[in-house]
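Below: one structure in structure tokens.
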Amino acid sequence: MKVVVVGSGLAGAVAARFLADRGHRVEVFESREHVGGNCYDRWQDGVMVHQYGPHCFHTDKPEVWEFMNRFANFRETGFCVVANTPRGVIPVPFNDVSAEIVGDLSPEEIRELLFVDYSEKHWGIPWAEIPSSITGRVPKRREGRDCRYHLDRWQGIPREGFTRMFEAMLEGIPVHLGCGEDDWREVKADHVVFTGSIDDYFGRSLGTLEYRSLKFEYATEAKREHFQINECNRVNPWTRAVDHSHWLDQKVKRTVIGREYPCEWDGRNVRMYPKPFGGNPERFQKYWAAAKAERDVTFVGRLATYKYLDMDDVVAQVMLRLGGGRWSAR
Ligand SMILES: O=c1ccn([C@@H]2O[C@H](COP(=O)(O)OP(=O)(O)O[C@H]3O[C@@H]([C@H](O)CO)[C@H](O)[C@H]3O)[C@@H](O)[C@H]2O)c(=O)[nH]1
């Protein structure tokens, strides 16, 4: 069977590999000039930099971890995040170490200190309007002194970077970079795996789905003790600063610091976070109903399913939808 995969980010690359492994003839169409989507990394001043913000792979799903390890040698490590709050710099999620610095706090006080300012900057709306699908992601008070941001059984990053991992995943599969939005439609295929924003598939005929985006600033500065500092305050306009030399534990004096400034997706920058408010959920449901009626198209990934999915959930979603024996959108 001939399959066209639209997009070479995580969903697209996993889908392409999954199908090629099962004997299908796969061709990938990518609008950017590189594979890997927002996981793309590159080298700057000798430091491996995640171009579109920090991506730590973390999972409790053995089949997902096994799949990813076919394409990369992972440096298995957990990353610790601290928050720069009006009461000092503390580990986030809030744990016993945080409590030693600012005193033990009630859930409401933790929410005020760590989440309200950050989330309002990140999402651009008042805290009270941020839906529970987002606030539910916010890690609660954690007992103990484990300062890793995620507690999943497996976590880390590819030693040679995500870009190299994607290249390995796509080995032997034709990939077209820098494509126009509709180039893939010219190819006659038995099936399409669409990983772009679902409204693009339908020519935005039912309205445009909105996203939050980020403006990234990269500066070469002195190496820092902390891997990531979340700005949980109103003083600094950026939400987080990442010292990229920590990915590979690079012993450097100078490093690359990436700062993230939240903004709206405007059609020229990158779609980063689906916005589950402001009419978008209703708009998405209309597109999803239309998607269900499409024969021989599978919609997968964060953009096509308009869901705030973690990386491992994307891999699991692709495996389920393509391995479940059905080809149509679900
Ligand atoms: O200090 C904070 C942190 C978070 N929030 C709020 O929680 C929402 C979800 O946060 P998070 O999952 O961290 O957001 P994101 O998907 O951008 O994070 C990815 O980056 C790394 C992580 O930062 C470690 O490098 C992680 O692997 C991914 O989850 C957030 O949108 C805020 O609303 C907060 O308020 N304050």
Side-chain angles (χ1 to χ4, degrees), residues 10 37-39 41 48-60 77-95 98 102 105 107-142 147-152 154-157 162 211-216 224 226-234 236 238-247 257-263 270-277 302-303 307-315:
L10 188 59
N38 291 349
C39 299
D41 48 27
M48 191 178 72
V49 171
H50 288 197
Q51 166 95 17
Y52 304 99
H55 286 81
C56 333
F57 192 84
H58 56 97
T59 189
D60 279 325
T77 183
F79 292 97
C80 302
V81 177
V82 294
N84 181 21
T85 77
R87 296 172 65 168
V89 174
I90 59 171
V92 57
F94 194 96
N95 63 10
S98 321
V102 295
L105 304 180
E108 293 72 30
E109 290 168 319
I110 293 174
R111 189 190 64 205
E112 268 310 308
L113 190 64
L114 292 177
F115 299 118
V116 174
D117 287 345
Y118 182 108
S119 294
E120 290 187 347
K121 283 193 281 187
H122 185 87
W123 294 101
I125 54 172
W127 171 266
E129 292 171 25
I130 299 178
S132 58
S133 60
I134 294 171
T135 53
R137 280 179 65 91
V138 170
K140 307 283 175 306
R141 169 74 163 96
R142 192 187 277 171
C147 289
R148 292 172 304 160
Y149 196 69
H150 301 289
L151 294 181
D152 303 50
W154 296 286
Q155 42 188 309
I157 62 141
F162 277 109
Y211 290 83
R212 285 297 274 175
S213 184
L214 296 168
K215 183 170 153 285
F216 296 95
R224 293 179 166 195
H226 299 295
F227 153 66
Q228 179 175 319
I229 304 179
N230 288 2
E231 293 293 336
C232 302
N233 58 67
R234 286 276 162 207
N236 293 324
W238 63 94
T239 41
R240 51 189 184 186
V242 174
D243 177 345
H244 290 267
S245 67
H246 285 258
W247 292 123
I257 306 285
R259 290 188 179 77
E260 301 180 5
Y261 297 81
C263 57
V270 174
R271 290 170 165 120
M272 310 272 318
Y273 299 92
K275 287 171 66 169
F277 50 85
R302 202 186 252 210
L303 302 182
K307 276 193 188 66
Y308 194 167
L309 298 170
D310 285 333
M311 291 169 76
D312 66 328
D313 290 333
V314 171
V315 179

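On a predicted model such as this, the values are computed, not experimentally measured, just so you know. When a ligand or atom number is given, it counts from 1 through the structure's own listing order. Every heavy atom of this structure was used, including side-chain atoms; hydrogens, water molecules and symmetry mates were not.
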Quick check on ligand 1: any N or O pairs to the protein under 3.5 Å? One line per pair.
{"from": "ligand 1", "atom 1": "1 (O)", "to": "Asn230", "atom 2": "ND2", "distance (Å)": "2.9"}
{"from": "ligand 1", "atom 1": "12 (O)", "to": "Arg137", "atom 2": "NH2", "distance (Å)": "2.8"}
{"from": "ligand 1", "atom 1": "13 (O)", "to": "Tyr149", "atom 2": "OH", "distance (Å)": "2.5"}
{"from": "ligand 1", "atom 1": "14 (O)", "to": "Tyr308", "atom 2": "OH", "distance (Å)": "3.1"}
{"from": "ligand 1", "atom 1": "16 (O)", "to": "Arg137", "atom 2": "NH2", "distance (Å)": "3.4"}
{"from": "ligand 1", "atom 1": "16 (O)", "to": "Tyr308", "atom 2": "OH", "distance (Å)": "2.7"}
{"from": "ligand 1", "atom 1": "17 (O)", "to": "Arg240", "atom 2": "NH1", "distance (Å)": "3.4"}
{"from": "ligand 1", "atom 1": "17 (O)", "to": "Arg240", "atom 2": "NH2", "distance (Å)": "3.1"}
{"from": "ligand 1", "atom 1": "17 (O)", "to": "Tyr273", "atom 2": "OH", "distance (Å)": "2.5"}
{"from": "ligand 1", "atom 1": "18 (O)", "to": "Arg240", "atom 2": "NH1", "distance (Å)": "3.2"}
{"from": "ligand 1", "atom 1": "20 (O)", "to": "Arg240", "atom 2": "NH1", "distance (Å)": "3.0"}
{"from": "ligand 1", "atom 1": "23 (O)", "to": "Gln228", "atom 2": "OE1", "distance (Å)": "3.4"}
{"from": "ligand 1", "atom 1": "23 (O)", "to": "Gln228", "atom 2": "NE2", "distance (Å)": "3.0"}
{"from": "ligand 1", "atom 1": "23 (O)", "to": "Arg240", "atom 2": "NH1", "distance (Å)": "2.7"}
{"from": "ligand 1", "atom 1": "25 (O)", "to": "Gln228", "atom 2": "OE1", "distance (Å)": "2.7"}
{"from": "ligand 1", "atom 1": "27 (O)", "to": "His150", "atom 2": "NE2", "distance (Å)": "2.8"}
{"from": "ligand 1", "atom 1": "29 (O)", "to": "Arg137", "atom 2": "NH2", "distance (Å)": "3.4"}
{"from": "ligand 1", "atom 1": "31 (O)", "to": "Trp123", "atom 2": "NE1", "distance (Å)": "3.1"}
{"from": "ligand 1", "atom 1": "33 (O)", "to": "Ser119", "atom 2": "OG", "distance (Å)": "2.7"}
{"from": "ligand 1", "atom 1": "33 (O)", "to": "Trp123", "atom 2": "NE1", "distance (Å)": "3.2"}
{"from": "ligand 1", "atom 1": "35 (O)", "to": "Phe115", "atom 2": "O", "distance (Å)": "3.2"}
{"from": "ligand 1", "atom 1": "35 (O)", "to": "Ser119", "atom 2": "OG", "distance (Å)": "2.8"}
{"from": "ligand 1", "atom 1": "36 (N)", "to": "Leu114", "atom 2": "O", "distance (Å)": "3.0"}

Distance-only donor-acceptor hits, side chain of residues 86-93, under 3.5 Å, sequence neighbours excluded:
{"from": "Arg87", "atom 1": "NH2", "to": "Val102", "atom 2": "O", "distance (Å)": "3.0"}

(request) Scan residues 120-131 for pairs that pass side chain to side chain donor-acceptor pair (under 3.5 Å), counting only residues two or more places apart or in two chains. (result) Glu120-Arg234

(request) May I ask you to decide if Leu105's main-chain N or O and Arg141's side chain share a donor-acceptor pair within less than 3.5 Å? (result) no

(request) Going by the side chain to side chain contact (heavy atoms under 4.5 Å, CB included) test, name the single residue among His246, His55, Met48 that passes it with Ile157. (result) Met48

(request) Output all residues satisfying ring pair (Phe, Tyr, Trp, His ring centres under 6.0 Å) with Phe94, sequence neighbours left out; order by chain, then residue number. (result) none

(message) Any non-hydrogen side-chain atom of Leu151 less than 4.5 Å from a side-chain atom of Arg142?
(response) yes

